[in-house]
Amino acid sequence: MVSSFKDALNSGRFVITSEIAPPKGTNLEQMHHHIELIRDKVDALNVTDHQSSVMRFPSIGGCLAIKEQGGEPILQMTCRDRNRLALQAELLLAYTRGIRNVLCLTGDAVPVGDHKEAKGVFDLDSSQLLRTVRLLESGKDMGGSDLDGAVEFCAGAIVTPEAQPIEPQLAKFEKKVEAGAEFFQTQAIYDLDSFSRFMEYARQFPVKVLGGIVLLSSARMAKYMTENVPGIFVPQNLIDELSVAPRGEVLAKGIEIAGRMISALKKDSICDGVHIMAIGREEVVPDILAAAGI
Amino acid sequence: MKSITKQKPFEEIMGQLADIGRVYIIGCGTCTTMTGTGGIDQVLEMKDRLQEAGKRVSGWTVIPIACDEMTEVSIKENKRAIEDANCVLAMPCALGVHRISLYIDRPVIPAQDTLFIAVEDAPGYFREVCAQCGQCILGETAGICPITACHKGLVNGPCGGTNNGKCEVDQEQDCAWTLIYERLEKQGRLDLLRKYHPPRNYQVTPRPRMIKI
């Protein structure tokens, strides 16, 4: 067994993952609390890696906390902050500490974050990092040397099914499959018809796809995401639903929408599972699952 | 091809000249003339500003191409005035600063920040097109360089930050990989979009880079 998450992916049942955002600082109380709330309700928990290029407690630190609390972590690794030596070294460390799942990302650009003058590394990209995972598994490193003790990971990547134009994204998706990605977590999806068409295409590849569910916490946030976040399109009817929700019940409406989408994806077996991103409201993940009837 | 520069803030230049009384100014007749940062007009303007700020200017010259070997001749011709100064304020790009430093023992203080090597798309619009990385892949990217045109320098296709053909860093900036995709499609070579490029070799010519031809 590589990991309980990999077993879940291969079980054929609908897989649930969610994510934990580490704190900016050393106060881990809230992160521990979120892990405690969610860990038993999901198959695995991602830990973001300086999400949006904002410096935080590291992804691997969050993964170790999940391990200590009895959960199953997915280590998110971006190529923005480390060169190939540091990335490989961190994979070795992760493996020795029982972390068995890794999500390989290129990473957001430095200037979108809070250390705008920093050097973006990008020595590798996501598809090269995936190949690096597989290389380390073979007992070799990128310099061609033998490892004294190899690694074994369930490795995944991301895809943006609603990007425009879609063709370059699909070419990249296929490169990631060839590089050894076993699972994909998608960028937020809201238009299920369009996502179903993407899944018809993705089904031809031997990978598991978890649809990205981002909690809409207000009509304003939904509009903002549609207008500003690459590859996210929130249909107008969802924005309308949030705008007419009575004051104080908007979040509940967002939870209901997320739950409804998850349940539709599951009922029609559109994809292999979902990845729930509550972005700053991790405490409501159990409510989203309850709304989905899970 | 032009070396693109931006004149340093005057306060920064004055900071570097803090303990210096007499200055000799050298401009360049090529790139910094064309970018309006270190040609004759800017040299004269700098002279006035330095004098207003209490510095003495022992002389000035604009060397036709400050980065080539004729610079030595020009410096010899102006030897007396240069030696009369405590330092040289250099208004060519950094290539010129290096060349000038070869022939002058006085401190050479750059007045410019050298930004990049560019081509001029339209009058006044300069664009970096080559990072001189040593492993040209233009043949497989429809003549658009992802090392320079993609903010992250990605060689295996776009990141997830691209939106409607624009870059996540700047909505005015085109996504290099969308441009590459569009041009490959026109050329009927979309298969190249699926070609895997291995990690780059950053030691093609180890730094400091030099070569004997």
Which answer fits A:Arg80, side chain, backbone, both or neither, if we ask what part of it has an atom under 4.5 Å from a heavy atom of chain B?
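Contact with chain B involves no heavy atom of A:Arg80 at all.
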A:Val229 versus chain B, heavy atoms under 4.5 Å apart: side chain, backbone, both or neither?
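Contact with chain B is through the backbone of A:Val229 alone.
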Side chains of A:Glu167 and B:Tyr181: any donor to acceptor distance under 3.5 Å?
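Checked: B:Tyr181/A:Glu167 side chains pair up, N/O donor to acceptor below 3.5 Å.
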Identify the heavy atoms of [X] and [Y] that sit nearest to each other, and give their distance.
X	Y	result
B:Tyr202	A:Phe122	OH-O, 4.2 Å
A:Lys175	B:Leu193	CE-O, 3.4 Å
B:Asn163	A:Pro230	CG-CA, 3.5 Å
B:Pro158	A:Gln169	CG-NE2, 3.8 Å

For chain A, find which of B:Asn156, B:Val155, B:Leu190 contributes the most heavy-atom pairs closer than 4.5 angstrom.
B:Asn156
Value rounded to 0.5 Å, distance of CG in A:Leu105 from SG in B:Cys159
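Taking CG in A:Leu105 and SG in B:Cys159, the distance rounds to 11.0 Å.
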Under 3.5 Å, side chain of A:Gln128 to main-chain N/O of B:His197, donor-acceptor pair present?
yes
Say whether, by atom type as modelled, one donor and one acceptor occur between the side chain of A:Gln164 and the main chain of B:Gly165 under 3.5 angstrom.
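No, the answer is negative, given that no donor and acceptor are paired below the 3.5 Å cut-off.
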Among all residues two or more places apart in sequence or in another chain, which pass the side-chain hydrogen bond (donor to acceptor under 3.5 Å, both in side chains) test with A:Lys24?
A:Asp114
